[in-house]
Amino acid sequence: MATAEDREQPTRRPEPAAGTGPDLQSFAVQLRRLHGEINRLMQGFAGDHGLHATDVQALAAILDADEPMTPGRLRERLGLTSGAVTACVDRLERAGHIRRVRESADRRVVHLRYAADARPAARTYFRPLAEATQAAADRFSEEELAVVRSFLAAINEELGALKPHGGR
């Protein structure tokens, strides 16, 4: 019977024998290139909308959050100071991209919501990214794409566990 500690540990596959594992250098190159291309598009969006690159990262974090995003969670997610998050949220709200909403009985709790009026501009701007993603996905079977999604989820989980400056 598995203990609670056993259940909390992620399942790890055995290490491959020397020389038989993945070419980590080629993974790193492709991941950096992907990051660079997405960053280029994000910076273009930021420039076209009078935002900072960090603001676009904040928008993505708000959109992708599994639970309502708060300024505190945004600070943790982006690794920013409280003051920097406040300035970022202020810029996003002034630009009409987000709304601050008090949805609980505790009026101190603020949730950050992506403004419905801002969605059409983002959809239009990022449509080429969606189309390029679809074109790339069309080159692979559903089974292959499932493996890719699984790998991306695993690498995000591993990277999310890292502390800044490489510490764990």
Side-chain angles (χ1 to χ4, degrees), residues 4-5 7-13 22-104 106-119 121-130 132-133 136 148-168:
E5 187 174 302
R7 284 189 298 273
E8 290 177 14
Q9 297 298 318
T11 304
R12 298 220 183 251
R13 294 183 183 179
D23 177 3
L24 293 180
Q25 176 65 25
S26 67
F27 275 117
V29 167
Q30 293 303 320
L31 288 170
R32 280 193 303 269
R33 286 184 63 197
L34 175 63
H35 178 358
E37 292 301 327
I38 290 174
N39 221 14
R40 182 177 58 81
L41 294 170
M42 296 291 227
Q43 287 177 351
F45 180 82
D48 287 354
H49 290 87
L51 301 173
H52 296 210
T54 302
D55 300 342
V56 181
Q57 290 177 338
L59 282 174
I62 292 165
L63 279 170
D64 296 343
D66 293 332
E67 58 187 340
M69 184 60 75
T70 64
R73 285 190 194 105
L74 188 61
R75 182 186 60 75
E76 290 172 9
R77 176 76 177 96
L78 299 180
L80 299 174
T81 64
S82 295
V85 166
T86 298
C88 174
V89 169
D90 287 347
R91 282 190 304 271
L92 290 171
E93 189 173 43
R94 270 193 314 273
H97 290 282
I98 66 165
R99 300 180 294 110
R100 287 178 169 110
V101 179
R102 286 174 167 65
E103 297 175 334
S104 72
D106 184 346
R107 301 290 294 158
R108 295 171 297 177
V109 176
V110 174
H111 292 151
L112 306 173
R113 299 277 184 216
Y114 199 87
D117 295 350
R119 289 181 190 270
R123 281 191 185 114
T124 298
Y125 193 91
F126 290 107
R127 182 169 289 120
L129 174 61
T133 302
V148 170
R149 279 189 294 272
S150 179
F151 172 77
L152 291 173
I155 192 76
N156 281 323
E157 181 181 316
E158 292 291 331
L159 292 174
L162 293 177
K163 305 244 185 290
H165 307 294
R168 272 200 171 228

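What you see is a predicted model, and the numbers here were worked out from it, not measured in a lab.
Taking the side chain as every heavy atom from C-beta outward, Leu51 and Leu59 approach each other to under 4.5 Å. A 4.5 Å side-chain heavy-atom check between Leu112 and Thr70 finds every atom pair outside the cut-off. The closest side-chain heavy-atom distance from Arg102 to Val110 is below 4.5 Å. Contact annotation: the side chain of Arg100 approaches that of Val89 to within less than 4.5 Å [non-hydrogen atoms, C-beta and beyond]. With a 4.5 Å cut-off on side-chain heavy atoms, Ser82 and Arg75 count as touching. Side-chain contact between Val29 and Gln25 is present, with at least one heavy-atom pair separated by less than 4.5 Å. Put simply, the side chain of Asp90 reaches to within 4.5 Å of the side chain of Arg94, judged on heavy atoms. In this structure, Ile62 and Ile98 have side chains that are in contact, with non-hydrogen atoms separated by less than 4.5 Å.
Between atom OH of residue Tyr114 and atom CG of residue Leu92 there is a gap of 9.0 Å, rounded to the nearest 0.5 Å. Atom-to-atom distance recorded for Arg33:CZ and Ile38:CD1 is 12.5 Å, nearest 0.5 angstrom. With rounding to the nearest 0.5 angstrom, the CG atom of Leu74 is 9.5 Å from the CZ atom of Arg77.
Under the 30°/60° scheme for interplanar angles, the aromatic rings of Tyr125 and Phe45 are found to stand perpendicular.
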Leu63 and Arg119: side chain to side chain contact (heavy atoms under 4.5 Å, CB included), yes or no, with the steps? CA-CA 10 Å; Leu63 279 170; Arg119 289 181 190 270; 3.6 Å; yes
For side chain to side chain contact (heavy atoms under 4.5 Å, CB included), just list the numbers for Phe126 and Met42, CA-CA rounded to whole Å, side-chain angles, deciding distance to a tenth of an Å, and then say yes or no. CA-CA 9 Å; Phe126 290 107; Met42 296 291 227; 3.7 Å; yes
Run the numbers on His49 and His97 for side chain to side chain contact (heavy atoms under 4.5 Å, CB included), then give the verdict. CA-CA 10 Å; His49 290 87; His97 290 282; 4.2 Å; yes
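Residues Ala53 and Ala46 share a closest heavy-atom pair of N-CB, 4.1 Å. When all heavy atoms are compared, the tightest approach of Ala58 to Cys88 is CB-SG, 3.6 Å. Taking all atoms of both residues into account, the shortest heavy-atom contact from Ala84 to Leu80 is CB-CB, 4.1 Å.
Of the charged side-chain nitrogens involved, at least one lies within less than 4.0 Å of a carboxylate oxygen, so that Glu37 and Arg40 count as a salt-bridged pair.
No donor-acceptor pair under 3.5 Å is formed between the side chain of Arg113 and the backbone N or O of Pro68. Judged purely by atom type and a 3.5 angstrom limit, Asp55 uses its side chain to pair as donor or acceptor with the backbone of His52.
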